[in-house]
Amino acid sequence: MSQLLAEADAGRIKDQGRPVRAEEIANAIDTGLNDSSFFGPVATGIQRALQTGAMGDLTQLTSAKNGDYPLYRAIICQDIPVPAVAASQFPAEAAKVRALAPTLRGYSEFWDIASGCAGWPTPARWTPHQWRVPASFPPVLLTSGAYDVATPRPWAENVHRALPGSTLVRWDGDGHAAWPAHSPSTVAAEISYLTRS
């Protein structure tokens, strides 16, 4: 992987003649790590890109090829306030994350979303605040894979601690969601939760 990113840095990986940035490759690989059905294509895509100098099938996993991505980001911008002044902090924060996760150079879709939301012209509808969980709040089922690159397990554990009466089902697999393919026992717990009276 590091070799492929270095090749991109040198301008030797192309997508239809256009030089590809290493961040685009990291974006594709990060997306592929969300679902085990993409693992084979991602591995093959890395190998072929090194052999041919073309991004090839990896291109399809980038945010740029997801027609719904702008809508997804716009929704998040409505939920998460990112003041324009916060953008000045991104390089230092990105350097910290890169040191912690050097394989993909600290890539996270968060950087694209946060930078796209910085200074969003419409005020966010949500304001960060302390959780206040009413006594009448229904029981919540949380699921968490050990190798979820989008929502790491500590996040689920924090929410579980903050929600009295919640249940956290963990599985030791990969992928972003247990439903439908990653963990049969977790899917069974989800079906039980959704169908109980």
Side-chain angles (χ1 to χ4, degrees), residues 1-2 4-5 23-50 55-76 78-80 97 100-114 126 131 133-197:
M1 177 134 26
S2 58
L4 180 57
L5 297 179
E23 183 182 4
E24 293 175 77
I25 294 170
N27 172 216
I29 294 169
D30 181 77
T31 299
L33 292 176
N34 278 302
D35 188 327
S36 59
S37 66
F38 292 136
F39 290 179
V42 166
T44 302
I46 291 170
Q47 184 180 33
R48 285 185 182 156
L50 283 168
M55 192 165 174
D57 292 340
L58 290 176
T59 304
Q60 298 308 313
L61 293 173
T62 63
S63 301
K65 294 296 181 177
N66 179 349
D68 292 335
Y69 190 78
L71 301 172
Y72 166 72
R73 184 167 66 179
I75 291 167
I76 292 176
Q78 288 300 302
D79 291 338
I80 301 172
V97 175
L100 291 169
T103 304
L104 286 181
R105 300 184 180 177
Y107 178 83
S108 167
E109 72 173 331
F110 165 81
W111 300 116
D112 177 64
I113 291 169
W126 182 78
W131 283 33
V133 182
S136 60
F137 202 76
V140 173
L141 175 70
L142 304 163
T143 61
S144 174
Y147 308 107
D148 183 348
V149 298
T151 52
R153 177 160 289 162
W155 293 7
E157 291 170 344
N158 288 340
V159 172
H160 175 54
R161 283 190 292 273
L163 283 176
S166 65
T167 300
L168 175 58
V169 177
R170 300 168 179 90
W171 78 93
D172 290 329
D174 48 60
H176 178 47
W179 187 276
H182 297 297
S183 168
S185 62
T186 306
V187 169
E190 291 171 333
I191 291 171
S192 174
Y193 173 80
L194 293 170
T195 57
R196 71 181 176 206
S197 50

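All values below come from the heavy atoms of this structure, side chains included, with hydrogens, waters and symmetry mates left out. Numbers here are sequence positions counted from 1.
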What is the minimum heavy-atom distance between Pro164 and Val133, and which atoms define it? CD-CG1, 4.0 Å

Mind listing the closest non-hydrogen atom pair of Asn27 and Tyr107 along with its distance? ND2-OH, 2.9 Å

Of all the heavy-atom pairs spanning Thr143 and Glu190, show the shortest one and how long it is. CG2-OE2, 3.3 Å

To the nearest 0.5 Å, how far apart are CD1 in Ile25 and CG in Leu58? 7.0 Å

Above 12 or not: heavy atoms from other molecules or residues under 6.0 Å from CZ of Arg105? yes

Start with the C-alpha distance between Thr31 and Thr62, add both sets of side-chain angles, then the distance that settles side chain to side chain contact (heavy atoms under 4.5 Å, CB included), and finish with yes or no. CA-CA 7 Å; Thr31 299; Thr62 63; over 6 Å; no

Side chains of Thr44 and Asp57 in contact at under 4.5 Å (non-hydrogen atoms): no

Contact summary for Ala150 and Asn34, nearest pair of heavy atoms: CB-OD1, 3.4 Å

For a quick test of reading the model, state the closest non-hydrogen atom pair linking Ala26 to Leu5 and the distance between them. N-CD2, 4.3 Å

When rounded to the nearest 0.5 angstrom, what is the spacing between CE in Met1 and CG in Leu50? 10.5 Å

Report the C-alpha distance between Asp112 and Tyr69 in whole Å, list the side-chain angles of each, state the deciding distance to 0.1 Å, and finish with yes or no for side chain to side chain contact (heavy atoms under 4.5 Å, CB included). CA-CA 11 Å; Asp112 177 64; Tyr69 190 78; 2.7 Å; yes

CD1 of Ile191 to CZ of Arg196: how many Å apart, nearest 0.5 Å? 14.0 Å

Using a 4.5 Å cut-off on heavy atoms from C-beta on, say whether the side chain of Trp111 contacts that of Val97. yes

Would you say the side chain of Leu33 lies within less than 4.5 Å of the side chain of Val42, judging by non-hydrogen atoms? no

Strictly below 4.0 Å, N to O, side chains only: are Glu109 and Arg73 in salt-bridge contact? no

CG (Asn158) with more than 12 external heavy atoms under 6.0 Å: yes

What is the distance from atom CG of Asp68 to atom OG of Ser63, rounded to the nearest 0.5 Å? 11.5 Å

Identify the two heavy atoms, one from Arg153 and one from Arg170, that lie closest to each other, and give their separation to 0.1 Å. NH2-CB, 3.3 Å

With the side chain counted from C-beta on, respond yes when Ser166 and Val159 share a heavy-atom pair under 4.5 Å apart, and no when they do not. no

Distance in Å, Glu23 CD paired with Leu104 CG, rounded so as to fall on 0.5 Å steps: 11.0 Å

